[in-house]
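Data block below; observations after.
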There are 2 protein chains.
Amino acid sequence: MSKHVKEMEVLKEHLGKHQLKFTRQRELILDAFLKQEHITAEEMYHQLARKDPHLGLATIYRTLNLFCEAGLAQARHFGTQTQYDNISHKGHHDHLICTGCGKIVEFENCDIERLQEEVASRNGFTIQTHRLELYGLCSRCRH
Amino acid sequence: MSKHVKEMEVLKEHLGKHQLKFTRQRELILDAFLKQEHITAEEMYHQLARKDPHLGLATIYRTLNLFCEAGLAQARHFGTQTQYDNISHKGHHDHLICTGCGKIVEFENCDIERLQEEVASRNGFTIQTHRLELYGLCSRCRH
DNA sequence: ATTGAAATTGATAAGCTATCTCAAAAAAGA
DNA sequence: TCTTTTTTGAGATAGCTTATCAATTTCAAT
């Protein structure tokens with residue numbers, strides 16, 4: 001039924017270790033979560049309203065936080081909301097954002113990522129995720 | 001009176017351009033803000049309560065957001081609160097943030113900054129500012 | 001210095017996001 | 001199935017930030 005067998009196992013293992021139970025809601029939310037790169041609780045609430053209109057918002061929050069504890073998700077505060085990042089999703093990308101027209105260009109740079117690792121380990125940190133945004137003017141807006 | 005002449009000029013120029021007015025409160029808040037590397041509105045509210053007990057919290061928020069628009073500050077959301085970073089005084093710095101205990105380590109890395117410039121120019125952008133946050137576990141929280 | 005239009009302030013209400021409460025429902029082991 | 005423990009859903013609550021608005025302040029033009 002679910003395509004996310006590996007992650008489902010990670011969840012079940014975490015549940016087992018902490019005397020928590022495997023529920024229909026947790027399965028449903030994990031399935032939906034793993035299809036996204038990142039999502040907010042509110043977004044997921046509306047998305048899942050079709051499948052289960054009675055699924056409560058509090059349950060979404062509780063479950064997404066559970067995923068963080070299980071190492072499947074990573075909470076990141078963006079604007080006024082909390083984004084829950086899908087850890088298993090590879091292909092992280094950073095953003096170039098034009099302050100003139102709002103244009104967003106995505107990019108990836110291995111050299112930068114390597115230097116980030118260096119900085120982190122020099123400070124005793126193990127990086128889970130990162131966020132890099134460059135703000136400036138695109139060629140069109142500079143004139 | 002004020003030691004932050006340069007930044008005060010930046011603020012005044014921004015105010016002039018946008019038909020805004022130079023007030024006692026804005027001067028007071030800028031002076032206090034520039035003494036910090038980063039601060040929350042609430043912290044500043046309590047800090048300034050001694051100098052001006054009638055200074056409202058809403059004014060602090062409004063003014064710190066004004067500083068962001070003027071390019072003197074940068075808002076950063078951490079936990080449930082917003083940190084306002086002073087980017088005009090000590091120069092920009094990036095952050096290593098522990099997702100376990102919330103510890104924040106500031107760092108600067110010229111090599112990363114140079115690579116950022118490269119990425120930007122390759123895409124026709126001129127960088128005005130940037131935000132780099134590395135999330136992970138500090139040595140203490142990893143165990 | 002005075003005036004008057006426009007912006008700002010302070011106090012508080014309102015808005016939003018996230019968490020807490022608790023009775024009812026569901027899960028898991030015997 | 002029975003029993004114990006955990007989870008859920010709905011609404012209440014908490015914490016941070018913004019909106020509202022009458023009174024005040026700024027500032028350019030008298």
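Because the structure is a prediction, the values reported are computed rather than measured. Here is the naming used below: chain letters follow the sequence lines, and residue numbers restart at 1 for every chain. In what follows, every heavy atom counts, from backbone to side chain, and hydrogens, waters and symmetry copies are set aside.
Regarding Tyr45(A), its OH atom lies at a distance of 14 Å from the P atom of dA18(C), rounded to whole Å. The nearest whole Å value for the distance from the CD atom in Glu27(B) to the P atom in dC27(D) is 11 Å. Here dT7(D) presents its C1' atom at 14 Å from CG of Leu11(A), a figure rounded to the nearest Å. To the nearest angstrom, P of dT17(C) lies 11 Å from CD of Glu43(A). Between the CD1 atom of Ile60(A) and the C1' atom of dG9(D) there is a distance of 12 Å, given to the nearest Å. In this structure, the CD atom of Glu69(B) is 15 Å from the C1' atom of dA7(C), given to the nearest Å. The distance from atom CG of Leu64(A) to atom P of dT7(D) is 15 Å, rounded to the nearest whole Å. Atom NE2 of His18(A) and atom C1' of dT7(D) are 17 Å apart (whole Å).
Residues Phe33(B) and Phe67(B) place their aromatic rings such that the two centres sit under 6.0 Å apart.
With hydrogens and angles left out, the side-chain atoms of Gln36(B) and Glu43(B) include no donor and acceptor closer than 3.5 Å. Side-chain polar atoms of His95(A) and Glu133(A) form no donor-acceptor pair below 3.5 angstrom.
Residue Thr23(B) places at least one side-chain N or O closer than 4.0 Å to OP1 or OP2 of dT9(C). OP1 or OP2 of dT8(C) has at least one side-chain nitrogen or oxygen of Arg26(B) nearer than 4.0 Å. Between Gln25(A) and dG9(D) there is a side-chain N or O to OP1 or OP2 distance below 4.0 Å. One finds a side-chain N or O of His54(A) lying less than 4.0 angstrom from the OP1 or OP2 phosphate oxygen of dA10(D).
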Tabulate atom names and distances for all N/O pairs under 3.5 angstrom spanning the protein and nucleotides 15-17 of chain D.
| residue | atom | partner | partner atom | Å |
| --- | --- | --- | --- | --- |
| dC16(D) | O3' | Thr80(B) | O | 3.4 |
| dT17(D) | OP1 | Thr82(B) | N | 2.6 |
| dT17(D) | OP1 | Thr82(B) | OG1 | 2.6 |
| dT17(D) | OP2 | Tyr61(B) | OH | 2.2 |
| dT17(D) | O5' | Tyr61(B) | OH | 3.3 |

Anything under 3.5 Å between a protein N or O and an N or O of nucleotides 4-6 of chain C, put it in a table, one pair a line.
| residue | atom | partner | partner atom | Å |
| --- | --- | --- | --- | --- |
| dA6(C) | N3 | Lys21(B) | NZ | 2.9 |

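Atom CZ of Arg142(B) has more than 12 heavy atoms from other residues, nucleotides or ligands within 6.0 Å. Within 6.0 Å of CD on Glu13(B) lie no more than 12 heavy atoms contributed by other residues, nucleotides or ligands. For CD of Glu106(A), the number of neighbouring non-hydrogen atoms (other residues, nucleotides, ligands) closer than 6.0 Å is greater than 12.
Between Leu15(A) and Pro53(A), the residue whose closest nucleotide on DNA chain D is further toward the 5' end is Leu15(A).
Judged purely by atom type and a 3.5 angstrom limit, Asn123(A) has no side-chain atom pairing as donor or acceptor with the backbone of Phe125(A).
Put simply, CD1 on Ile39(B) and CG on Asp85(B) are 11.0 Å apart, with the number rounded to the nearest 0.5 Å. Considering CD of Gln74(A) and OG of Ser88(A), their distance stands at 13.0 Å, rounded to 0.5 Å.
In the set dA19(D), dT26(D), dG11(D), the nucleotide with an atom closest to the side chain of Ala58(B) is dA19(D). Nearest nucleotide to the side chain of Arg62(A), out of dA7(C), dA10(D), dT9(C): dA10(D).
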Should Arg131(B) and Asp94(B) be marked as a salt bridge (Lys or Arg N to Asp or Glu O under 4.0 Å) after you check the CA-CA gap, both sets of side-chain angles, and the distance that decides it? CA-CA 7 Å; Arg131(B) 178 201 306 266; Asp94(B) 299 316; over 6 Å; no
